[in-house]
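Remember, predicted model here, so these are calculated numbers, not experimental data. Values reported hereafter were calculated over all heavy atoms of this structure, with side chains retained and with hydrogens, waters and symmetry mates removed. A note on names: the letters A, B, ... follow the listed sequences, proteins ahead of strands, and every chain is numbered from 1.
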Amino acid sequence: MKKKILLIEDDLTIQTQLKTLLAGNGYDVFAVTDFSKAIGQIKDFLPHLVILDIKLPGSNGFEICSQIRTFSDIPIVFVTSSNTEMDELNSIMLGGDAFITKPYNTAILLAKIGALVKRAYPASQTEIISWNEAALHLESSMIEYKGQKAELTKNELKILYYLFRNAGKICSRNDIVDFLWDNQLYVDDNALSVNMTRIRDKLEAIGLTGFIKTKHRQGYTL
Amino acid sequence: MSQKQYLKNQIPAVFANLMGMLALALFLLANGNSMHTVLFIFIVWLIILISYLSVTYYMRKKYMNTLLDMTEQLQERYLIPEIMTIPDRADDQVFYQIMKMAEKSMLEKIGEIQSERKEYKEYIEQWIHEAKTPITAMKLLCENNRSSFARDILTELEHINQYTEQALYYARSEHTEKDYSVREINLCDVVHSAIADNKYLLRQSNMTITMDELECMVYTDDKWVRFILNQIIGNAVKYRTGQPALHFSMVKSNDKIVLSVSDNGMGIPQSDLPRIFEKGFTGQNGRTGKNSTGIGLYLCKRLCDKLGIGLTAHSENKGTTIALSFQINDFVSGVQG
């Protein structure tokens with residue numbers, strides 16, 4: 001089931017772009033437009049997480065936060081452009097779970113959201129993504145195909161994870177490296193080629209020949 | 001207080017005394033007194049006059065010296081009227097009054113400048129916070145519409161963000177008030193977020209990044225350290241050479257943890273090395289077309305000094321290593337249990 005995120009942010013561009021970003025990462029996003037009715041909308045929408053800007057016209061993130069805390073324990077992520085100690089302290093005192101300053105790094109933002117959601121709503125089943133009978137086990141870092149398994153290194157797992165998540169689409173080398181960097185794996189273009197060769201060897205060993213296709217000058221696709 | 005000048009000031013009094021002595025002598029002689037009596041009176045008068053002059057001189061000198069000492073010991077010298085006793089002498093009182101007036105206008109001026117600076121600082125901070133909203137919006141726009149064009153813009157945005165951060169921390173570092181909070185942070189996390197802040201910059205410059213095991217807790221302010229690392233990374237990119245590489249390493253010793261950031265860039269000439277943390281110092285490399293401002297490292301040093309982090313630079317022909325040393329002691333962890 002998709003996790004629902006309520007977005008309370010007054011800048012329209014950021015609001016729509018953040019919505020696109022979060023939707024692209026598998027969340028169901030609802031943006032509040034009338035900040036005075038934010039509380040009512042939280043009660044209606046029942047989000048799994050709230051992203052809250054501190055400075056809002058006619059209202060204030062801290063106020064909304066303390067109001068939410070009167071009836072709910074959902075994770076609240078504060079986003080703000082002012083990174084003063086006072087604001088950070090206030091947000092923690094009022095029950096905020098994370099404090100992220102603009103311009104936020106999308107990778108860090110997504111990681112924080114992911115971690116908070118995971119902590120608040122522990123998933124019951126282990127995470128497995130599959131595509132064409134091949135299954136990627138995220139927790140044990142393995143790939144399985146018709147009963148045969150191959151162990152993957154951290155880099156290989158992340159590369160495959162990205163390809164699996166974008167299965168059917170073409171993933172450019174640049175995007176893959178970007179994704180790896182977001183996961184704190186600082187791989188360069190050459191190292192990516194090395195990793196791809198190794199992944200293909202491992203896949204062939206378990207009978208997955210030609211699983212990853214190379215699109216000339218465009219990238220890779222499953 | 002100069003003795004000569006003092007005597008010069010006493011000339012009218014001495015002159016009046018001499019006139020008195022002359023008049024008395026004429027009077028006494030006219031009344032038929034002997035020359036001996038007159039001379040005797042003269043000598044006694046002179047002795048009294050001289051001792052009067054010397055005693056008043058020494059007393060005055062003592063008083064003035066105490067005042068001078070007091071003033072010299074004061075940090076804010078213009079505040080001397082606040083602590084000196086109100087003088088008894090009529091002319092001194094006038095000077096005291098003048099000093100009071102001068103002090104007051106001085107304090108007013110200082111207050112005015114302070115509040116002006118505070119307002120300016122607040123304005124700068126507010127401006128930066130406002131500028132960050134469009135930066136964020138642009139960043140999101142680019143990340144949602146990935147292309148090589150968007151990547152270039154993201155790189156430029158990282159530059160802009162670095163400059164705004166620099167202005168923000170400059171405004172903050174000028175103020176004595178405490179803007180940081182020290183807490184236990186993981187060194188590894190700060191390094192990763194600093195790299196993430198400069199992701200596109202590093203990617204575009206083909207920087208190879210390597211790091212040792214950095215899992216380590218230190219007590220410091222993560223935002224400030226992140227800013228410092230951002231400046232160091234920015235420099236590594238700016239002064240890179242052929243195949244740029246950046247290495248993060250950590251050494252733990254008894255009482256400190258040293259985080260080193262080494263690049264293989266053009267390095268810093270030995271002659272420039274002692275001065276790189278000075279404000280406005282650009283050095284040889286900076287002057288040769290690299291647009292150095294001489295602010296980045298100066299700010300790093302200032303922030304480090306405030307946080308109690310040791311900051312050193314090391315360079316031999318090629319490549320630079322900047323080391324941040326964090327104090328750790330058992331006392332902190334002991335108290336925290």
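- Using a 4.5 Å heavy-atom threshold, the side chains of A:Lys4 and A:Leu49 count as separate.
- The parts of A:Asp175 that come within reach of chain B are both its backbone and its side chain, each placing non-hydrogen atoms under 4.5 angstrom from that chain.
- Residue B:Thr210 does not touch chain A at all, counting heavy-atom pairs closer than 4.5 Å.
- Under a 4.0 Å N-O distance rule, the pair A:Arg173/A:Asp189 qualifies as a salt bridge.
- Only the side chain of B:Asp221 comes within less than 4.5 Å of a heavy atom of chain A; its backbone N, CA, C and O stay farther away.
- Residues A:Leu52 and A:Gly61 approach most closely at CD2-O, 3.3 Å, considering heavy atoms.
- Interface remark: of the candidates A:Asp178, A:Leu89, A:Val187, A:Asp178 forms the most heavy-atom pairs closer than 4.5 Å to chain B.
- A:Pro47 pairs with exactly one of A:Leu7, A:Ile42, A:Ile5 by the side chain to side chain contact (heavy atoms under 4.5 Å, CB included) rule, that one being A:Ile42.
- Within a 6.0 Å radius of CD in A:Glu151, no more than 12 heavy atoms belonging to other residues, nucleotides or ligands are found.
- Among A:Gln15, A:Met86, A:Glu88, the residue with the largest count of heavy-atom pairs under 4.5 Å with chain B is A:Glu88.
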Problem set entry | side-chain contact (heavy atoms from CB on, under 4.5 Å) evaluation trace for A:Val50 with A:Ile8 | CA-CA 8 Å; A:Val50 176; A:Ile8 307 179; 4.1 Å; yes
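- The aromatic rings of B:Tyr169 and B:Trp224 stand perpendicular to each other, their planes meeting at an angle above 60°, with 30° marking the opposite boundary.
- When the heavy atoms of residues 100-117 of chain A are compared with those of chain B, the residues falling under 4.5 Å are A:Lys102, A:Pro103, A:Tyr104, A:Asn105, A:Thr106, A:Ile108, listed by number.
- Taking 4.5 Å as the limit, every side-chain heavy atom of A:Asn60 sits out of range of all side-chain heavy atoms of A:Lys55.
- Comparing B:Val191, B:Asn206, B:Leu202, B:Ile195 by how many heavy-atom pairs each has under 4.5 Å with chain A, the most go to B:Ile195.
- Considering only heavy-atom pairs separated by less than 4.5 Å from chain A, the leading option among B:Leu168, B:Asn144, B:Ile209 is B:Asn144.
- Paired with B:Tyr170 under the rule side-chain hydrogen bond (donor to acceptor under 3.5 Å, both in side chains), one option of B:Glu165, B:Lys279, B:Lys121 passes, and it is B:Lys279.
- For B:Phe326 and B:Tyr219, the distance between ring centers is not under 6.0 angstrom.
- For chain A, no part of B:Met138 is nearby; none of its heavy atoms comes within less than 4.5 Å.
- When heavy atoms are compared at a cutoff of 4.5 Å, B:Lys199 approaches chain A by way of both its backbone and its side chain.
- Your options are A:Leu21, A:Thr16, A:Asp188, and the one with the most heavy-atom pairs under 4.5 Å with chain B is A:Leu21.
- Ranked by heavy-atom pairs under 4.5 Å with chain A, the list B:Gln126, B:Glu143, B:Arg151 is led by B:Arg151.
- Interface residue B:Asp197: backbone and side-chain heavy atoms are both found under 4.5 Å from chain A.
- Taking the six-membered ring where tryptophan is involved, the planes of A:Tyr162 and A:Phe179 are tilted, since the angle between them lies from 30° to 60°.
- Contact check for A:Leu222 versus A:Lys213: no side-chain heavy atoms found under the 4.5 Å cut-off.
- Across B:Arg203, B:His159, B:Gln162, B:Glu158, a single residue satisfies side-chain hydrogen bond (donor to acceptor under 3.5 Å, both in side chains) together with B:Asn198, and that is B:Gln162.
- At a 4.5 Å heavy-atom cutoff, B:Leu157 makes no contact with chain A through either its backbone or its side chain.
- Of the listed residues (A:Asn174, A:Asp182, A:Ile14), the greatest number of heavy-atom pairs within a distance under 4.5 Å of chain B belongs to A:Asn174.
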